[in-house]
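First up is the structure itself, then whatever we jot down about it.
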Amino acid sequence: MEPRDLSSHAEYVPGEGIEEVARELGVDPDSLIKLASNENPLGPPDAAVDALREHADGISAYPTSAHADLTSSIADRWAIDDEQVWLSAGADGAIDLLHRATIDPGQSILAPEPGFAYYPMSARYHHGEVTHYNVPKDRDFAVTPDALLEAYDGERVVYLTSPHNPTGATVALDDVEEIADRTGEETLIVVDEAYGEFADVESARTLLEERTDVAVLRTFSKAYGLAGLRLGYALVPEKWADAYARINTPFAVSELACRAGLAAMETDDHVERSVEVVEWAREYMTAEIDAPTWESGGNFLLVEVGDATAVAEALKREGVIVRDCTSFGLPECIRITCGTEDQTAEAVEAVNDVLADLNRGDAESADEEAEAVTDQ
Ligand SMILES: *Cc1c(COP(=O)(O)O)cnc(C)c1O
């Protein structure tokens, strides 16, 4: 007895963790800075940690009321009906829920390339197929309706990531609307706003007023600093309301995740401070890094460094863990998460040192080659 044939299914490659890198290098984990997974450098909000402690005794019961309370609180925040909020284990969980609710075997999704790896993974194991649209580097990774629609061929779900991971580019609301208008009635446009708090663009939530073909993904993992809890949600069209009860895993979100999420939503200042730190760090990195970068609406910056794997390895030895974007299909780029001021300054110094070293190395080997040529 074996699992079904999963040979065409890719594994998710997460950013490297502090503990594993510390073990690999034989150094103290405290000496490392992790800027590889777009986590919140300020940590979780105190109110959420207090709520976890306060409710720890309650975990012998299923989370019925906490789930309902968090759903209502999110619905209020977005001025939407409770039934239109689909709580999930991270926004990743919401991607699964949307696929369960939409994909019949053999139907396809249309996903960005480069882009977030979980859309195709989830579609495949929900018996769906995957096609891609190109997010063109030579046009600063702009997603335009014309380019996307050229790739579109009646897919059941189309993913837009705004701000996009790993490029940081945003999609204007007018363009989302145009894409929704120009795709078929049976196509759902999913706008993944995992980094929505950090960008100066309006949420696609607005489009749910008039439309039945747009859904929005949000998460507590990034601006709220609760990645370890696994808490996110989808906002879905009114028409979709009753599908959740039919496809949701019973109590997919834990009691403690709900309690912490509720507490986090009641304290806006943590999100505000997180956004401020990110705005500062993006600007600082853009100005100070000696390599090309792209404008980012996320809590990270994409940097063109040449050989991303070599640079990421060298940075690790300098104590800074960044994301090598080779697995995203950008082997010449790294993605650096915005850290605190100290972390960001240290990371920038390390990046510039590593780039200078590698360039010097290149120049030396070019010299050696030139010498070898003249020797002949
Ligand atoms: C981080 C991220 C998510 C969601 O992460 P969860 O931790 O599952 O909420 C979704 N989409 C993109 C593009 C992301 O970068």
Side-chain angles (χ1 to χ4, degrees), residues 12-17 34-41 43-44 48 70 74 85-99 109-123 132-133 135 141 143 157-171 176 189-199 201 203-204 215-235 249 252-254 257-258 260-261 264-265 271 274 278 294 296-302 322-325 327-330 333-338:
Y12 185 75
V13 186
E16 280 187 298
K34 183 188 177 195
L35 301 174
S37 297
N38 298 342
E39 291 149 334
N40 192 323
L70 179 58
I74 293 168
V85 177
W86 289 10
L87 286 187
S88 54
D92 292 345
I95 293 167
D96 289 340
L97 294 178
L98 290 172
H99 287 158
I109 67 153
L110 183 61
E113 192 170 62
F116 189 54
Y118 196 62
Y119 314 136
M121 284 177 63
S122 170
H132 287 104
Y133 63 92
V135 177
F141 302 109
V143 172
V157 183
V158 172
Y159 280 95
L160 297 171
T161 318
S162 180
H164 185 276
N165 177 11
T167 72
T170 52
V171 185
V176 178
I189 310 299
V190 177
V191 187
D192 182 346
E193 298 180 354
Y195 302 98
E197 290 84 357
F198 304 114
V201 288
S203 169
V216 175
L217 299 177
R218 304 287 295 209
T219 180
F220 285 86
S221 295
K222 312 284 162 58
Y224 284 91
L226 297 177
L229 278 178
R230 314 306 301 125
L231 183 61
Y233 56 94
L235 302 175
T249 311
V253 179
S254 77
C258 291
M265 287 189 72
V271 171
S274 305
V278 163
W294 284 267
S296 172
N299 63 345
F300 54 85
L301 201 69
L302 188 70
V322 300
R323 182 68 189 249
D324 168 2
C325 290
S327 71
F328 283 98
L330 294 171
C333 294
I334 58 171
R335 190 195 65 197
I336 310 176
T337 302
C338 297

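Along the sequence shown, the residues carry numbers beginning at 1. First listed ligand is number 1; within each ligand, the first listed atom is number 1.
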Original post:
Would you say the side-chain atoms of Ser88 pair up with the backbone N or O of Gly93, donor to acceptor, closer than 3.5 Å?
Top reply: no

Original post:
Which pair of non-hydrogen atoms, one from Leu330 and one from Pro166, has the smallest distance, and what is that distance?
Top reply: CD1-CG, 4.1 Å

Original post:
What are the two closest heavy atoms between Ala94 and Leu217, and how far apart are they?
Top reply: CB-CD2, 3.7 Å

Subject >> Asn38: side-chain contact (heavy atoms from CB on, under 4.5 Å) partners, not counting sequence neighbours >> reply: Asn165, Tyr195, Lys222, Asn299, Phe300, Arg335, Thr337

Original post:
Looking at residues at least two apart in the chain, or sitting in another chain, which of them share a side-chain contact (heavy atoms from CB on, under 4.5 Å) with Ala123?
Top reply: His99, Ile103, Ile109, Val130

Subject >> For ligand 1, the residues whose heavy atoms come within less than 4.0 Å (ordered by chain, then number) >> reply: Gly90, Ala91, Asp92, Phe116, Tyr119, Thr161, Asn165, Asp192, Ala194, Tyr195, Thr219, Ser221, Lys222, Arg230

**OP:** For Phe116, enumerate each residue passing the ring pair (Phe, Tyr, Trp, His ring centres under 6.0 Å) test, keeping only those at least two apart in sequence or located in another chain.
**Re:** Tyr119

